[in-house]
Amino acid sequence: MSGSAFDWIALAEYSAIGLLSGGLLALIALGFVLIYKGTGVINFAMGEFMMLGAYFFYTANVMWRLPTLVALAITLAAVALVAALIERTVLRPLAGQPVISVLMATIGLASALHGGVDAVWGGANLEMPALLPRKPFTVGEILVPGQVVWSFVLAATIITAFTLYFRFSKTGVAMRAAASDPITAYVLGIDVRRTQALTWIFAGMVGAVAGIVVASMTSLSPALGGAALGVLAVIILGGLDSIAGAIVAGLIVGLIESLTAGYLGGKVRDIVPYVTVLVILLVRPYGLFGTRQIERL
Amino acid sequence: MRIGDFRASYAHDESLWPTRVQRAWLGVLALALIAFPFGANGYQVSLACMLGIHVIAAAGLNIMTGYTGLISLGHAAFMGVGCYTAAWFAQRGVPFFATLPLAGATAALLGMVVGLPSLRIKGLYLAVATLATQFLVVYVFREWDSVTGGVRGVNVPNASLGGFELLNDQRMYFLIAPVAVALLVAARNLFRTRVGRAFIAIRDKDISAEVLGIHLLRYKLAAFAIGSFYAGVAGALLGYFYRAMTPEYFTLQLSIFYLAAIIVGGLGSMLGTILGAVFMTLVPELLRGVVAGIAQWAPRATEILSPVQQVVFGLLIVGFLVFEPHGLLEIWRRVRRTFHLWPFRA
């Protein structure tokens, strides 16, 4: 590119980082999509699940000095318990209530969890151990931070595992059946309550892993809870009920965010998800792969 | 025991306050509202001012969400627009009786723009769209330095009427309280009209409403405009009340606060709006008092005040949704019924 003022290397780097960090967005989006598919709710407490997972992990790994894998197991178990408890005490009694009730319930939960974490662990920034290797990857002149690459690999593994689980395992198929038509599934002998509880548990665990990864790449504070709101752009773009959509949209949003951060600065980057949301909702409200809702009287 | 009230004509049935007892109580309430600032201390008066502002904003949100079924997570943004509009005009010498409607009108304009997609999207999607608007508008507040003063915010000159400056909370009370009362009565009246009934029809089932000949886009936009108008006026009053305002005030948390207020109070009811707004404003104050009491023995207690407030706030929302979905209004009705039917059980 002789004589050209345009820095192609930088563009390639921004793009690579964007696409790779999109993996993490897709993982968080998976948490949203699972719950939306399973129970028809956008879970505004998703960020708080991430935060909770990261704090549990910090407690087990740093404060109790347990090995990483043991700490991870404890974290997942604890978050699963919290998610199951929430599903049983809050979401199940609200089944069949209007959208706004369920929406507000998840917002209330978010506030309660956020305050709870703040009260227990304090609002200060905590230093998480770096879990993913930092060693950067280089392809030609392009340099990508190691954490970004490994987080992508991790996210891709988890998403693939879930896809396979829903495709082949008996419980997974039951969950899909219950998601697509709860009443028919119920008649066919599927325990819909159990699948819905499982949905929340899975989403909670996905959120916890995402939270741990995000916190280990940046730092840990209650502000982590707000991180998931930006991911709404991903699920709206992908279509609320499509895992494939979440992946594609995660990559796209990651790319857009990285490019705006690179060329227009961090301030503009922060509003990219919301601009994206508005544009999609105006042009194609059901997203790239979402089910088009048909309403009848 | 009261047996019941009989309404012999349509006019009587449609009247705002059909019984003599109600009108008598309203008179008592009006007198109490007028007398209040003379008997209360400074803290109570400023709290009452905040209550008035919250009630106005919550009423606007209830018109949109409770009566028309349009969920908005961007109410604070509309308030912000009202506040900055009022500040901009007030700095140029426009008196408050002109800036308040101007603030409302500007917010209503923005509300209509935001409401435009509401014909295609609803429910959760609309919630997400208004959430996005909330963040975008606050971003504009932060970046549009020449009008909003950026992160430093704006100063709002004292409201004054013919040289009489509203320079303390007690005088502000006499601006806020009448505006709040007027807007609440207007809202009650709205739902006796064709427009208000159309809103309710849209909430109950928008497709059916359309079949009945209600122009969906027109009425949804109207709901957005009216709701945002209330928010704008509330925002303007907020600006006059605090005399300075930064973008940090109009956060998503504030939008959620108003949603919580109308849910806790009772969706689709002005009495519910008042109950909810008062309740949600007083609970944190009450907690502050409790924590201050505990802090005498455990000095660390004050550190966890704000997290505890957050937890209580969240649990209140969830608790009301699960155990009392119709809110404080339903509790109020039950209590009233008990008294009406006494000595028999309700």
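Contact of A:V268 with chain B is made through backbone and side chain together, with heavy-atom distances under 4.5 Å. Residue contact with chain B, scored on non-hydrogen atoms closer than 4.5 Å, involves the backbone and the side chain of A:P285 alike. Heavy atoms closer than 4.5 Å to chain A are found in the side chain of B:L252, but not in its backbone. Residue contact with chain A, scored on non-hydrogen atoms closer than 4.5 Å, is absent for B:Q253. For A:V272, no part sits under 4.5 Å from any heavy atom of chain B, backbone or side chain. Contacts between A:I236 and chain B at a heavy-atom distance below 4.5 Å involve the side chain alone, from C-beta outward. Heavy atoms of B:A129 lying under 4.5 Å from chain A belong to its backbone as well as its side chain. With a 4.5 angstrom heavy-atom cutoff, A:V277 touches chain B only via side-chain atoms. Heavy atoms of A:T276 lying under 4.5 Å from chain B are absent altogether. Heavy atoms of B:L124 lying under 4.5 Å from chain A belong to its backbone as well as its side chain. Residue contact with chain A, scored on non-hydrogen atoms closer than 4.5 Å, is absent for B:L305. Contact of A:L232 with chain B is made through the side chain alone, with heavy-atom distances under 4.5 Å. At a 4.5 Å heavy-atom cutoff, the contact between A:L282 and chain B is made by backbone and side-chain atoms alike.
In terms of heavy-atom proximity, A:A119 sits nearest to B:P307 at N-CB, 3.6 Å.
Most heavy-atom pairs under 4.5 Å with chain B: of the set A:V41, A:D118, A:I271, this distinction falls to A:I271. Of the listed residues A:P98, A:G40, A:A105, A:A233, the one with more heavy-atom pairs under 4.5 angstrom with chain B than any other is A:A105. In terms of non-hydrogen atom pairs under 4.5 Å with chain A, the most contact-rich of B:V312, B:V128, B:L315 is B:V128. Of the listed residues (B:T133, B:I317, B:I304), the one with the most heavy-atom contacts under 4.5 Å to chain A is B:I317. Of the residues considered (B:G319, B:A132, B:G69), B:A132 shows the highest number of contacts with chain A, using heavy-atom pairs under 4.5 Å.
Between A:V90 and B:L321, the closest side-chain pair of non-hydrogen atoms is not below 4.5 Å. Side-chain contact between A:D270 and B:F135 is absent, with no heavy atoms from C-beta onward closer than 4.5 Å. Contact annotation: the side chain of B:V322 approaches that of A:P93 to within less than 4.5 Å [non-hydrogen atoms, C-beta and beyond]. The closest side-chain heavy-atom distance from A:F44 to B:L73 is below 4.5 Å. Looking at A:I100 and B:I263, their side chains come closer than 4.5 Å, going by heavy atoms from C-beta outward.
No more than 12 heavy atoms of other residues, nucleotides or ligands shown are found within 6.0 angstrom of CD on A:E127. Other residues, nucleotides and ligands contribute only 12 or fewer heavy atoms inside 6.0 Å of the CZ atom of A:R193. Few gaps surround CH2 on A:W121; more than 12 heavy atoms of other groups in view lie less than 6.0 Å from it. Counting non-hydrogen atoms of other residues, nucleotides and ligands closer than 6.0 Å to CD1 of A:I183 gives a total of 12 or fewer.
Between atom OH of residue B:Y139 and atom OH of residue A:Y274 there is a gap of 13.5 Å, rounded to the nearest 0.5 Å. Distance check, rounded to the nearest 0.5 Å: CE of A:M104 to CD1 of B:I256 gives 6.5 Å.
With hydrogens and angles ignored, the 3.5 Å screen pairs a side-chain donor or acceptor of A:S111 with a backbone N or O of B:Q310.
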